[in-house]
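Before any comments, here is the structure.
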Amino acid sequence: AQSVTQLDSHVSVSEGTPVLLRCNYSSSYSPSLFWYVQHPNKGLQLLLKYTSAATLVKGINGFEAEFKKSETSFHLTKPSAHMSDAAEYFCVVGFSGNTGKLIFGQGTTLQVKP
Amino acid sequence: DGGITQSPKYLFRKEGQNVTLSCEQNLNHDAMYWYRQDPGQGLRLIYYSQIVNDFQKGDIAEGYSVSREKKESFPLTVTSAQKNPTAFYLCASSIKGALPTEAFFGQGTRLTVV
């Protein structure tokens, strides 16, 4: 079965410290992978995407993610957290066997403390 | 500006009533989707459509109906058969292709049963 797991439901960091949000997927195919961010009562905004090119992907607002096929992981990182980064983050997997369909992780709430 | 517009932003429904959520896009995307979001459960796919006059059930289609008469529009009706309709509903669209591409999201409609 195809699935995606976000390993932490809640992550708390201090402003200026690194951020790590973890994501693992399960698939028999080569997936397309995405990270989205959602601020309260808003829609989802794409942070970055992996589609079988470079394994280290850079996104908006200083975020990046590394695709590791051997570990089936796609963790999201940022060197220095900003207060405005506080939001819900979703790891999303798309599989070529289900054209257009995306599978969402449960989400990770990022709290940034001053 | 290109994008996806959902209306209304907030919607209140009495038990036993049907309500229709609007979703319009001017991105010229072929594929459109409806997701339901509940706290701690990520996004779950209700219905999706990859072409005009055609749509498929997602993972939680019971109690919902859709139509796709125009490329730009994909309205969702929450029927009285939906036992727990209170949720945040998100509409999305994407380019249809052989590989999954990122989806673009509207700002959501929060439906509350009163």
query = Can you get from A/Leu76 to A/Val11 by hopping between Ile, Leu, Val, Met, Phe, Trp and Tyr side chains that sit under 4.5 Å apart?
reply = yes

inquiry  = For B/Leu43, which atoms come within 4.5 Å of any heavy atom of chain A: side chain, backbone, both, or neither?
reply    = both

query = So what's closer than 4.5 Å to chain B heavy atoms on A/Leu46: side chain, backbone, both or neither?
reply = side chain

note = Looking only at B/Gln6, B/Gln37, B/Lys9, B/Arg44, the option with the highest number of non-hydrogen pairs under 4.5 Å against chain A is B/Gln37

inquiry  = Within the supplied structure, the quantity of interest is the number of heavy atoms (other residues, nucleotides, ligands) at a distance under 6.0 Å from A/Lys42 NZ; does it exceed 12?
reply    = no

request  = Give a yes or no on whether B/Met32 and B/Leu90 share a hydrophobic cluster (residues Ile, Leu, Val, Met, Phe, Trp, Tyr; joining criterion: side-chain heavy atoms under 4.5 Å apart).
outcome  = no

message = Do B/Phe88 and A/Leu44 sit in one hydrophobic cluster, given that two such residues count as connected whenever their side-chain heavy atoms are within less than 4.5 Å of each other, even indirectly?
response = yes

Within 6.0 angstrom of A/Leu20 CG, more than 12 heavy atoms from elsewhere = yes

inquiry  = With a 4.5 Å cut-off on side-chain heavy-atom distances among I, L, V, M, F, W and Y, is there a chain of contacts connecting B/Tyr48 to B/Ile60?
reply    = no

query = Is there a donor-acceptor contact under 3.5 Å from the side chain of B/Asp30 to the main chain of B/Ile95?
reply = no

inquiry  = Test your reading of the model: is there a side-chain donor-acceptor pair from B/Gln25 to the backbone of B/Lys71, 3.5 Å cut-off?
reply    = yes

Segment of A/Gln38 engaging chain B (4.5 angstrom heavy-atom cut-off) = side chain

task = Would you name the heavy atoms of A/Ile103 and A/Val4 that are closest together and state the gap between them?
result = O-CG1, 3.5 Å

inquiry  = For residues 60-69 of chain A, give me every residue with a non-hydrogen atom less than 4.5 Å from any non-hydrogen atom of chain B.
reply    = none

note = Nearest heavy-atom contact between A/Ser80 and A/Asp85 is O-OD2, 4.3 Å

query = Where along residues 104-114 of chain A does a heavy atom come under 4.5 Å of chain B, listed by residue number?
reply = A/Phe104, A/Gly105, A/Gln106

request  = May I ask you to test the A/Val13-A/Pro18 pair for a side-chain heavy-atom distance under 4.5 Å?
outcome  = no

Proximity of residues 104-114 of chain B to chain A, residues having a non-hydrogen atom under 4.5 angstrom = B/Phe105, B/Gly106, B/Gln107, B/Arg110

ask   = Is any side-chain heavy atom of B/Tyr64 less than 4.5 Å from a side-chain heavy atom of B/Tyr89?
value = yes

task = Could you state whether A/Val57 and A/Leu33 fall into the same hydrophobic cluster, counting links through intermediate Ile, Leu, Val, Met, Phe, Trp or Tyr residues with side-chain heavy atoms under 4.5 angstrom apart?
result = yes

query = Under the side-chain contact (heavy atoms from CB on, under 4.5 Å) test, which residues partner B/Pro75, sequence neighbours left out?
reply = B/Thr20, B/Ser67, B/Ser73

inquiry  = Please evaluate residues A/Asp8 and A/Arg22 with respect to the criterion side-chain contact (heavy atoms from CB on, under 4.5 Å), reporting the C-alpha separation (whole Å), side-chain torsions for both, the decisive distance (0.1 Å), and the verdict.
reply    = CA-CA 7 Å; A/Asp8 307 291; A/Arg22 299 181 294 165; 3.0 Å; yes

